[in-house]
Number of protein chains: 2
Amino acid sequence: MGTQDTDVEEPRLAAADIGSDVGLLLAKLHAAGSVLNNRALKEFGLKERSFSILTLACSGLEPTQRELADFLSLDPSQIVSLVDELEGGGLVERAAGKLDRRAKIVVATPEGRKTHTKARAALVECEHRQLAALDGAEVSELKRLLRKALWDA
Amino acid sequence: MGTQDTDVEEPRLAAADIGSDVGLLLAKLHAAGSVLNNRALKEFGLKERSFSILTLACSGLEPTQRELADFLSLDPSQIVSLVDELEGGGLVERAAGKLDRRAKIVVATPEGRKTHTKARAALVECEHRQLAALDGAEVSELKRLLRKALWDA
DNA sequence: TATTGTTATACTCTATAACTATA
DNA sequence: TATAGTTATAGAGTATAACAATA
């Protein structure tokens, strides 16, 4: 996003009713977090997107590219280039689907797992900093509400 | 975002630990909301961004373009074209800053106020649908936590 | 006929730097 | 010298359609 502001106090304009607009609050918090996350992931050659795919490739769930696209809310064609990138770096591999030979399962290599472990630790640190104003219970509650809004619809 | 999915049940991949990743949850909920919001705003010739500016232009706070850029986490150059667009549609006007003649204050026209009222009603409806799984107290708590994370840092 | 992955293309959004006018 | 607004441009991200292989 344009300005990687670190709003450290409530700005004057937050008094407008749009200061309670869920869409804007989500956009701002997400944008601020993305800057932190992508900066932290740079040393591993990753971005938020590729990290998400790597995580799922490490999960043991054996996701197909189609599942990745659905879950990450990305277009299948975007998954192709992201997986290409990870595969080029030796972090994941494409395996043939067991039941459906059209489908390709994305699995992490041993090196991918090592990179993921380190990258994940860096992101946990980012999340701590981003949500520093919230205590442990509040962080849990925030996650619960976000998950509920997304998946209990 | 790629696929404007309407996740109506928790997908298989949500079991991975990334299903609790705040960054991903924020991205997904924000993206899903943007699709709804922009679709609803289309009939008014607005998008999320231009609606935000129109709202602040209606607020009585007399924001300068610089303040809009800071508050909306957008680059000043992006504000220029968004305000151009709104001004071209007759919804806002640029007024000279009172203390600083460099600064330009963005204020809504009477027509801008009328459009804003109608657009806002449409967005309230979108927010209701997007957060349908949450009760009133949970919506308030979600907003409180988001605001706190952003501005109590 | 429908779906998975792929490629290609056009479009929007974002980031950056330079310029002007005021301060 | 610094700041508000503007302009221009390159890059990243997104949306869309078409195609081959498989179901």
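Labels below follow one simple rule: chain letters A, B, ... track the order of the sequence lines, proteins then strands, and each chain is numbered from 1.
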**Student:** Find which nucleotide of DNA chain D each of A/Asp100 and A/Asn38 is nearest to by heavy atoms, and output the residue with the more 5' nucleotide.
**Tutor:** A/Asn38

**Student:** Start with the C-alpha gap between A/Leu68 and A/Val106, add the side-chain angles, then the distance that decides, and say whether side chain to side chain contact (heavy atoms under 4.5 Å, CB included) holds.
**Tutor:** CA-CA 9 Å; A/Leu68 291 172; A/Val106 181; 3.9 Å; yes

**Student:** Would you mind reading off the distance between A/Asp75 atom CG and C/dC13 atom P, rounded to a whole angstrom?
**Tutor:** 17 Å

**Student:** Can you figure out which of D/dT22, D/dT14, C/dT6 approaches the side chain of A/Arg102 most closely?
**Tutor:** D/dT22

**Student:** Any ring-ring contact (aromatic ring centres under 6.0 Å, His included) pairs touching residues 88-117 of chain B, not counting sequence neighbours?
**Tutor:** B/Phe51-B/His116

**Student:** Of the options A/Lys98, A/Lys104, A/Arg102, which is the one that meets A/Asp100 in a salt bridge (charged side-chain N to carboxylate O under 4.0 Å, His left out)?
**Tutor:** A/Arg102

**Student:** Between D/dG5 atom P and B/Ile53 atom CD1, what is the distance in whole Å?
**Tutor:** 12 Å

**Student:** Quickly work out the A/Gln65 CD to C/dT7 P distance and round it to whole Å.
**Tutor:** 10 Å

**Student:** Could you state the CG-P distance from B/Leu82 to D/dT6, rounded to the nearest angstrom?
**Tutor:** 12 Å

**Student:** Please give, in whole Å, the distance from D/dT22 P to A/Lys104 NZ?
**Tutor:** 10 Å

**Student:** Under 4.0 Å from OP1 or OP2 of C/dT6: is there any side-chain N or O of A/Arg94 that close?
**Tutor:** yes

**Student:** Whole angstroms only, please: what is the CG-P distance between A/Asp70 and C/dT3?
**Tutor:** 12 Å

**Student:** How close or far is atom C1' of C/dT12 from atom CD of B/Glu48, stated in whole angstroms?
**Tutor:** 14 Å

**Student:** Tell me the stems DNA chain C sits in, counting at least three consecutive Watson-Crick or G-U wobble pairs, each under 3.5 Å on both distances.
**Tutor:** C:1-23 with D:1-23

**Student:** Between D/dT16 and A/Ser77, counting only base atoms on the nucleotide and side-chain atoms on the residue, is there a donor-acceptor pair under 3.5 Å?
**Tutor:** yes

**Student:** Kindly say whether B/Asp152 contributes a backbone atom to a donor-acceptor pair with the side chain of A/Glu10 at under 3.5 angstrom?
**Tutor:** no

**Student:** Send over the distance from A/Leu72 CG to D/dG13 P, rounded to a whole Å.
**Tutor:** 14 Å

**Student:** With distance as the sole criterion, do the side chain of A/Arg101 and the base of D/dT22 form a donor-acceptor contact below 3.5 Å?
**Tutor:** no

**Student:** To the side chain of A/Arg49, which of D/dG5, D/dG13, C/dG5 is closest?
**Tutor:** D/dG13

**Student:** Among side-chain atoms of B/Ser34 and B/Glu48, is any donor-acceptor pair under 3.5 angstrom?
**Tutor:** yes

**Student:** If hydrophobic clusters are built from ILVMFWY residues whose side chains come within less than 4.5 Å, do B/Val139 and A/Leu24 share one?
**Tutor:** yes

**Student:** Please tell me which of the listed nucleotides, C/dT14, C/dT4, D/dG5, lies nearest to the side chain of B/Gln78?
**Tutor:** C/dT14

**Student:** Please confirm whether the shortest side-chain N or O distance from B/Lys47 to OP1 or OP2 of C/dT12 is below 4.0 Å.
**Tutor:** no

**Student:** Hey, is the side chain of A/Arg66 pairing donor to acceptor with the base of C/dT4 inside 3.5 Å?
**Tutor:** no

**Student:** Side chains of A/Lys143 and B/Ser20: any donor to acceptor distance under 3.5 Å?
**Tutor:** no

